[in-house]
Peer 1: 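To start, I am sharing the structure in question, which I have written as structure tokens.
We use all heavy atoms of the structure for the numbers below, so side chains are in, but hydrogens, waters and symmetry mates are not.
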Amino acid sequence: MFVGVVQQILQEVLHVTIRKLSERVVACLGLLVFSTITAPASFAAEPPHNVAAGIERFTDLGPTDPNSDITITVQLAMHDQAAFDAAVQALYTPGSPTFHQWMTDADIAKYAPTAEELATVRHELERHGLTVIWTDPLGLSIRVRGNAAQAESAFKTNLHEFSYQGRSLRANISDARLAGKAGDLVAGVSGLERHTVQPMLRRALNARNGVPLSRPAAQVQSNSGIESFLTNVCITKPENFSFTTPGASLPFANYYGHVYARNPDLACAFTAAQLQEHYGLTEAYARGWNGEGQTIVLVDAYGYADIQADANAFSRIMGLPLLDSHNFQIVHPYNIYPTNPGAATLLQWDFETAIDVEWAHAMAPGAKIVLLISPGQDSTDMLFTLQNVTHYHVAGSVSNSWGVDIDYIAGPLELAAFNIQLKLMVAKGMSVNFASGDSGDNGLGTPVGAPEVPSNSPFATAVGGTSILSHLYGGTAELGWGNNLTTIYDNGILDPPAVGGNVGGAGGGESTFFAKPSWQKNLPGTGRQVPDIAALADPYTGVPIVVTQNGVQSIYIFGGTSVACPVFSAIWAITNQVAGKLLGQAAPIIADLPSRAISDILPVDSAFNVLGVIKEPFGTTRYSATELVAPPDQPIQNAFVSALWHVPPSQETPALFNVVSFGTDTSLSVTPGWDNVTGFGTPNGVAFIKAAAAKK
């Protein structure tokens with residue numbers, strides 16, 4: 001019952017040690033960002049290493065099977081790395097002759113590795129038995145396949161299998177370096193480590209049994225019809241709930257406070273029109289600003305056959321234009337298809353793909369959507385798909401609602417590989433947007449090391465999450481996303497209440513690998529801070545999507561920064577439309593916008609948060625609002641809103657009451673200005689679009 005709702009509650013509180021990296025490693029990781037950066041003292045002075053910082057926290061399961069298959073992408077260093085970095089810097093320096101004059105493949109080729117350098121790396125890989133299966137069109141990287149023994153031989157390292165917080169991964173336990181002179185030509189490697197990329201989504205679940213809230217789409221055929229299934233009025237006026245014990249006067253309990261989901265027949269979520277209005281896009285559409293002429297690229301894994309039909313069912317319900325061959329395209333990079341097409345349903349990528357397509361379309365209904373399907377969900381597969389974007393699908397807005405792993409867990413070679421690729425993409429004028437994560441500080445108990453990879457890259461734009469509470473005090477409040485859940489009555493009074501702690505919240509924090517870029521110079525810390533911007537992500541104030549499962553097309557309620565990322569990516573596409581040109585990476589522009597362009601998300605408190613009194617034969621205990629949502633090891637960082645949630649009864653459990661909170665995101669906290677939950681805030685409609693477009 002309760003376990004079904006408390007998704008992925010992180011049990012282990014980790015102590016994070018910031019890794020000290022030499023200037024050589026800083027260069028390797030590509031930390032030069034748009035203006036000259038001197039590596040902070042905390043990032044220097046030790047010999048370079050590329051074993052994951054968090055490996056000491058992994059459970060070592062022993063050496064990798066030497067015969068196991070392995071696919072590796074090797075990123076080569078530019079032939080003239082310093083000149084390339086300077087050229088990228090100039091693209092983002094106002095007043096530069098090349099400001100926003102984006103690079104073409106021909107421009108990049110001037111800095112690319114020479115044919116001789118490429119041949120040297122290729123020969124070394126093949127010498128150890130690895131087979132080259134793909135070479136980047138500009139010779140920037142090589143993708144090889146073989147077995148673990150061949151990889152260990154080529155990179156002079158040892159690979160082990162590990163488990164960490166319930167998931168499996170592979171990592172090198174000693175420094176990895178390609179043998180011979182080729183080692184000096186390698187800047188990044190993806191695939192020696194194995195990280196299973198996760199979609200950043202959270203379902204709205206029935207708190208009793210963990211079953212997703214859903215309704216057959218056939219029952220809802222229009223925007224007005226959707227109102228029979230959901231409401232955006234999630235919090236209602238305070239009420240008293242008293243609980244007695246049958247046949248006895250004690251124990252007795254009384255709770256008073258806001259009520260969540262007062263009508264159990266209605267899910268709490270926002271329609272497309274409601275979210276468009278909330279983010280000020282209705283006015284933008286009236287001006288003709290709807291993304292027309294722009295392309296949004298969405299990167300997802302596996303794909304599923306019903307996505308266009310599902311997206312069009314969603315569009316009919318929401319009153320949006322339908323998707324056809326003119327505004328929607330599905331691409332399998334280099335015509336490589338998943339070996340298991342059914343994996344999407346097994347691993348939730350069908351839900352993720354539906355969120356991305358349907359909500360990018362909902363917020364920028366005039367834009368074309370290109371859906372890129374990665375053949376798998378290992379990190380090297382996703383990197384391979386991004387490489388395809390770089391050469392064949394140049395777009396101003398690229399949306400990635402997934403994460404490889406957290407900053408503390410991924411190794412430097414993997415981080416470098418993604419960072420190099422993202423640098424190439426921003427050099428071509430793209431904003432590559434990533435979900436910041438759905439588990440707050442990921443159990444680290446500190447924002448250092450918690451950001452998701454690749455959202456932590458200085459060349460990514462990281463999108464955090466919010467909750468939206470309509471009609472709170474007669475208005476609408478937007479909070480940093482973070483939910484705690486407590487059970488107070490489960491067919492009987494619980495004394496003390498079962499305080500479950502955090503069940504989801506926007507990811508963020510400070511990178512231990514990447515130095516703070518110049519456009520974050522006014523932010524705290526020395527590492528790249530995540531996120532940059534935010535949008536709706538709370539599944540308990542979420543959005544509907546249409547997905548076909550087991551032959552039934554149904555509406556489900558979802559959240560996660562998987563929602564926030566396509567929502568922002570769509571708004572950025574509209575911004576490019578208004579600018580009349582590609583603006584490049586969004587993050588530096590966001591950091592330089594006036595306050596009127598961004599709605600600063602602040603802590604929100606309520607005079608009607610839930611309070612409790614329980615009378616027992618041995619005495620009376622009063623529970624404060626904080627005690628009802630915060631476990632002793634998870635102190636609340638901010639003001640918050642909480643509400644009583646009466647879960648619809650079932651035959652097994654006639655009565656269940658919870659307390660759900662909003663604005664309680666692990667050790668991350670919302671503050672005025674930038675913060676590690678919502679970044680600088682949320683886009684403020686036309687004011688955001690105009691101010692950002694003016695940066696052209």
Side-chain angles (χ1 to χ4, degrees), residues 12 14 19 48-75 121-122 124-134 141-180 182-183 186-198 301-302 336 338-340 343 346-347 374-385 402-418 453-454 513:
E12 184 180 8
L14 305 179
R19 298 201 57 184
H49 296 289
N50 54 47
V51 176
I55 197 168
E56 64 192 46
R57 300 289 183 174
F58 303 171
T59 299
D60 194 335
L61 304 178
T64 298
D65 179 352
N67 296 312
S68 61
D69 293 335
I70 191 168
T71 301
I72 299 170
T73 299
V74 177
Q75 298 274 45
V121 174
R122 179 179 183 129
E124 190 61 46
L125 292 165
E126 291 177 330
R127 191 172 72 84
H128 294 271
L130 296 165
T131 301
V132 175
I133 58 174
W134 178 81
S141 66
I142 300 174
R143 187 169 163 89
V144 297
R145 184 168 293 153
N147 61 40
Q150 292 165 336
E152 289 177 318
S153 173
F155 289 91
K156 299 188 295 184
T157 190
N158 302 103
L159 302 177
H160 276 215
E161 301 299 311
F162 296 91
S163 65
Y164 176 73
Q165 293 188 349
R167 59 188 184 272
S168 62
L169 62 149
R170 180 178 63 232
N172 51 298
I173 63 170
S174 58
D175 289 343
R177 186 181 189 277
L178 189 60
V186 174
V189 181
S190 177
L192 275 180
E193 299 178 54
R194 187 191 68 252
H195 296 275
T196 302
V197 170
Q198 299 295 328
Y302 298 116
I336 299 177
T339 56
N340 179 9
L346 294 173
L347 300 168
S374 172
Q377 69 176 104
D378 282 354
S379 52
T380 190
D381 297 321
M382 304 305 276
L383 177 65
F384 178 62
T385 306
W402 46 268
V404 171
D405 219 319
I406 60 175
D407 182 275
Y408 180 62
I409 301 306
L413 288 175
E414 189 83 44
L415 283 156
F418 276 98
V453 177
F513 289 92

Peer 1: Can you see whether T73 engages T380 through a side-chain donor-acceptor pair at a distance of less than 3.5 angstrom?
Peer 2: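 Note: T73 and T380 side chains meet the donor-acceptor criterion.
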Peer 1: How long is the straight-line distance from CG of D405 back to CG of L415, given to the nearest 0.5 Å?
Peer 2: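 Atom-to-atom, L415:CG and D405:CG are 10.0 Å apart.
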Peer 1: Grab the two heavy atoms, one from H49 and one from P412, that are nearest each other, plus how far apart they are.
Peer 2: O-CG, 3.6 Å
Peer 1: Which heavy atom in L169 sits nearest to a heavy atom in S163, and how many Å separate them?
Peer 2: CD2-C, 4.3 Å
Peer 1: Indicate the atoms forming the closest heavy-atom contact of A301 with G376, along with that distance.
Peer 2: CB-O, 3.7 Å
Peer 1: Please find the pair of heavy atoms, one from A151 and one from I72, that lie closest to each other, and give the distance.
Peer 2: CB-CD1, 3.7 Å
Peer 1: When rounded to the nearest 0.5 angstrom, what is the spacing between CZ in R127 and OG in S153?
Peer 2: 7.5 Å
Peer 1: In Å and rounded to the nearest 0.5 Å, what is the CD to CZ distance from E161 to F58?
Peer 2: 12.0 Å
Peer 1: Which pair of non-hydrogen atoms, one from Y302 and one from Q377, has the smallest distance, and what is that distance?
Peer 2: CE1-OE1, 3.3 Å
Peer 1: Looking at CD of E414 and CZ of R194, how far apart are the two atoms once the value is rounded to the nearest 0.5 Å?
Peer 2: 11.5 Å
Peer 1: Working to the nearest 0.5 Å, report the span between OG1 of T64 and CG of N158.
Peer 2: 9.5 Å
Peer 1: Under the criterion side chain to side chain contact (heavy atoms under 4.5 Å, CB included), I'd like the reasoning laid out for V197 against H195: C-alpha separation, chi angles, the key distance, then a yes or no.
Peer 2: CA-CA 6 Å; V197 170; H195 296 275; 5.8 Å; no
Peer 1: May I have the step-by-step check of side chain to side chain contact (heavy atoms under 4.5 Å, CB included) for I133 and T71, ending in yes or no?
Peer 2: CA-CA 9 Å; I133 58 174; T71 301; 4.3 Å; yes
Peer 1: So, using salt bridge (charged side-chain N to carboxylate O under 4.0 Å, His left out) as the criterion, who are the partners of R170 when residues are at least two apart?
Peer 2: none
Peer 1: For T339, enumerate each residue passing the side chain to side chain contact (heavy atoms under 4.5 Å, CB included) test, keeping only those at least two apart in sequence or located in another chain.
Peer 2: none
Peer 1: Among residues at least two apart in sequence or on other chains, which ones pass side chain to side chain contact (heavy atoms under 4.5 Å, CB included) with N172?
Peer 2: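 Scan of N172 (side chain to side chain contact (heavy atoms under 4.5 Å, CB included), adjacent residues dropped) gives N50, V51, T157, L159, A176, E193.
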Peer 1: Show the numbers, then the answer: is there a side chain to side chain contact (heavy atoms under 4.5 Å, CB included) between M382 and V404?
Peer 2: CA-CA 9 Å; M382 304 305 276; V404 171; 5.8 Å; no
Peer 1: Please tell me if the side chains of H128 and E152 come closer than 4.5 Å, counting only heavy atoms from C-beta onward.
Peer 2: no
Peer 1: Step by step, would you call F155 with L125 a side chain to side chain contact (heavy atoms under 4.5 Å, CB included)?
Peer 2: CA-CA 9 Å; F155 289 91; L125 292 165; 4.1 Å; yes
Peer 1: Closer than 3.5 angstrom, by distance alone: can the side chain of Q150 be matched with the main-chain N or O of N147 as a donor-acceptor pair?
Peer 2: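 Present.
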Peer 1: How far apart are the closest heavy atoms of S374 and P338, and which atoms are they?
Peer 2: O-CG, 4.2 Å
Peer 1: Test F162 against every option in T59, I409, I55, L61 by the side chain to side chain contact (heavy atoms under 4.5 Å, CB included) rule and name the one that passes.
Peer 2: I55
Peer 1: Can you tell me how far the OG atom of S190 sits from the CZ atom of F384, to the nearest 0.5 Å?
Peer 2: 12.0 Å
